[in-house]
J.: 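Below are the structure tokens for one structure; questions will follow.
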Amino acid sequence: MANQLRKRKVMKYVEPLLYLLPAIIFFLVFTYYPFIKTFIGSFFLVDSMGNFKHFVGLENFIRVLKDSNFHRVCKNTFIYTILCAPVSILIALILALIANKPTRSSRVYETMFALTMAMSMSVAAMIFKLAYNPTIGALNYILGTKINWLNNDKWAMIAISIISTWMNIGYNFLFLLAAIRGIDGSILESASIDGAKIFRKTVSIIMPLISPTLFFLVITSMAKDMMMSSLALIFTNSGAIATTANVDTMISYMYKQAVNNLNYNDGYATAIIAFAITFILMLISFRFEKKGVYYN
Amino acid sequence: MKKTLVIVLMAMLAAMLFAGGASEAKPEASANVRTVEFWHTMSGVNATAIEKIATSFNETIGKEKGIVVKAVFQGNDNSEKLKTLAQANDFKNFPDCAQIAGAGIPSAYTYEQLVTVEEMLGASNTTLDINDIEPNMLRSYNYAGEQIGMPVSCSALLLYYNEDMLKEAGIDNPPSTIAELAEDCEKLKIVNEKGEVERYGLNVAIRRYQMANYIGSQGDYNFFGDNEGGRLAPMTKVTFGEDGTLRNFLTEWEKVIKSGGYKPTEDDINEEFALGIHAMVNMSSARIGKIKALVGDNFKWNVAPNPKVNADDKGGVAVGGSCVVMFNPDKDDEQVAATWEFVQYMVSPEVQFQFHKDTGYIPVNKKVYEQPGIDEWFSKNPAYKVAVDAIHASNPNVQEPFDIINWEIDSIIKNHMVAFAEGRETLDQCHDGIVNECNEKLAAYHKANN
């Protein structure tokens, strides 16, 4: 009897851990172990086979931080993040406000707004690439401009951001719609009775009430955008197809240094610097959470 | 009950976790059939053509000798994949043979599992006479005096021109030097009243590939870097700065830039040429088929040998394309012999002629020109003949370098050449930028790897 009791007690502690085990193993193998290895590697001279040769202190960091290409990719990443996260959330918010009231036809446009979520990044990139062509592309034709979207240093990053903004609208829209629909109708109703117009209601009631969702979207979008590499790699990848202006981001630069150029020294150091910058940005955002986010 | 459920669930999860880790067995060779795994890098029409070679091999020699070739598309860079496997020490998953670009040869050379073409030439089942293979193509995949890979798909840099536009501008022959190219660009450009260029004389982004050709072609031939451009031993520096060939090229190229009819970045170069936006484009012969399909009967176009830097240059063009390298992952000599059968088959005259017709790649086997129907084929497709003649007229020492860090060198050249063309850099800044940055990157590589 006592034995069984003890067994049950042990099981009580062990069982939840067992459930967590698969996730923990994945995290250890694919997140924490590589992170620690990258961190340590960034202080070593590493050869093209990935072997650590000898300790070099901060040499890798100094070289990367002095590299004008790295300055450029940092700038690109910031432009991308600043353009993408707010714009796609704003557009999604407007769409969610419009789609707020469930009607008979709302299913149709809800699906339409959310559909960009289901697009493949590379397919979207290919479609936009055609549209961006300066001489035969649709965009210049419609706008009546002669902009070389992808091959001009000023425009290239904006062009890339537009694709991503468009693609993220669906995801943000779903979250914001759910949040807005979750607001207690009686609050809005009493505001209406008090004479509040749509703008006032949005700014003073809806926005504060959905601020946790907004905060979540800002944080996740920002982290995702700082770590973006897919579009940059698609547009600048090897071969004769793509000769885009420099649209590399911190992570695509890291990838290219490590994988294409077998330069793990620059690759590891870049990864750590990119992580540090993103981490600081996250910390700043969480400070804002205390002031700006309202949990009821 | 609950406990049993927990255990079952745990077991299932564990099984899921480790399922991916189990080593994937190669298709079992049954008693009398051997499977040869071949990784290729081709897509679209070219993939169909290369898979057709495997199929026809399986139906003929393969059937007779009990060999089945399994052609697998592995993305456009096999060297990268092999490198990844090598880093993980996973040589068991190496294919029997793989198609790689020249730049991957020095790293392939370091794999213990590599079986060089040189070693196979003395094998008992060798039917190929290596002298039948074009010498410049052989040299492309020769490292430290040893024949490493077997060339399969080869191409040459050419000047594509819109015949109608040239005629209209009063140009009888396509330019043979960069200076002439600049003059023609000036004549061919069309500028509207707002000062915007509506038609360019030339479109090309100068990258590593084009640069290797323009540097290599100078004089009798010229190497891009030391150790014969990395073909004798690893390349440690670029030599085009100290021997003056880069300055020669840039001085001539400046004339093209100053013509005002040159577009230095590439967007959709094939389509734009086909729409008559550019009168000339500078690209690989591998695109002849594509241009043919895009242009159709809309206008007359042709190709010409790549323009020379100096009028008396004799070097010609570098061989572009790829080769097949062989491996012995299972330490099984009979397996290697089977792979060798297939590699020899790929470069046999009949197969190469068919592959040329399907893809436009220049045949690697000289005996192709003795094949029935070859004259008729070339009379119908004169553009291919220009590419073949360009390779035949070139010095085998004109090659793309084995520069190890080819992607870095590519982006250095690309960035400086665009900056030069757009007036953001002077000739000297462009020259020194390319030379110094290439050398810094090479030095960094050797520091980490010696």
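Predicted model only: the values in this text are computed from it and were never measured. Just so you know, these numbers use all the heavy atoms, side chains as well, and skip hydrogens, waters and symmetry mates. Numbers restart at 1 for each chain; the letters A, B, ... are given by sequence-line order, proteins then strands.
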J.: Could you check whether atom NZ of A:Lys53 has more than 12 heavy atoms from other residues, nucleotides or ligands sitting under 6.0 Å from it?
T.: yes
J.: Given B:Lys83 and A:Met49, is the side-chain contact (heavy atoms from CB on, under 4.5 Å) satisfied, shown in steps?
T.: CA-CA 8 Å; B:Lys83 190 100 201 169; A:Met49 292 299 282; 3.8 Å; yes
J.: Say you draw a straight line from CG of A:Leu130 to CD of B:Glu271; how long is it, rounded to the nearest 0.5 Å?
T.: 8.0 Å
J.: Decide, yes or no, whether a salt bridge links A:Lys129 with B:Asp267 under the criterion of side-chain N to carboxylate O below 4.0 Å.
T.: no
J.: Can you confirm whether more than 12 heavy atoms, excluding those of B:Glu196, are under 6.0 Å from its CD atom?
T.: yes
J.: Hey, does A:Ser48 have a side-chain heavy atom less than 4.5 Å from the side chain of B:Gln87?
T.: no
J.: For the interface with chain B, which of A:Asn263, A:Asn51, A:Asn148, A:Val56 has the highest count of heavy-atom pairs at distances below 4.5 Å?
T.: A:Asn148
J.: Name the region of A:Tyr264, side chain, backbone, both or neither, that has any atom closer than 4.5 Å to a heavy atom of chain B.
T.: side chain
J.: Looking at every heavy atom in both A:Lys146 and B:Val197, which two are closest together, and how far apart are they?
T.: NZ-O, 4.1 Å
J.: Quick check on A:Phe27: does its CZ atom have over 12 non-hydrogen neighbours (other residues, nucleotides or ligands) under 6.0 Å away?
T.: no
J.: Return yes if a side-chain donor-acceptor contact under 3.5 Å exists between A:Asn133 and B:Glu272, otherwise no.
T.: yes
J.: Looking at A:Lys224, I want to see if its NZ is surrounded by more than 12 non-hydrogen atoms of other residues, nucleotides or ligands under 6.0 Å.
T.: yes
J.: Is there side-chain contact between A:Gln257 and B:Trp407, with at least one heavy-atom pair below 4.5 Å?
T.: no
J.: Strictly less than 4.5 Å between heavy atoms, which residues of residues 442-450 of chain B line up against chain A? Please order them by number.
T.: B:Tyr445, B:Lys447, B:Ala448, B:Asn449, B:Asn450
J.: I'd like to verify something: which residue of A:Leu45, A:Asn261, A:Val29 has the highest number of heavy-atom pairs under 4.5 Å with chain B?
T.: A:Asn261
J.: At a heavy-atom separation under 4.5 Å, does B:Arg424 approach chain A through its side chain, its backbone, both, or neither?
T.: side chain
J.: To the nearest 0.5 Å, tell me how far A:Asn152 CG sits from B:Thr265 OG1.
T.: 9.0 Å
J.: Work out which heavy atom in A:Val259 is nearest to a heavy atom in B:Glu80; give both atom names and the distance.
T.: CG1-CD, 3.5 Å
J.: Identify the residues of residues 58-67 of chain A whose heavy atoms come closer than 4.5 Å to a heavy atom of chain B, ordered by number, or report 'none'.
T.: A:Glu59, A:Asp67
J.: If you count every heavy atom of other residues, nucleotides or ligands that lies below 6.0 Å from A:Tyr13 atom OH, does the total exceed 12?
T.: no
J.: If you count heavy-atom pairs under 4.5 Å between each of B:Thr110, B:Ile405, B:Ile277 and chain A, which one has the most?
T.: B:Ile277
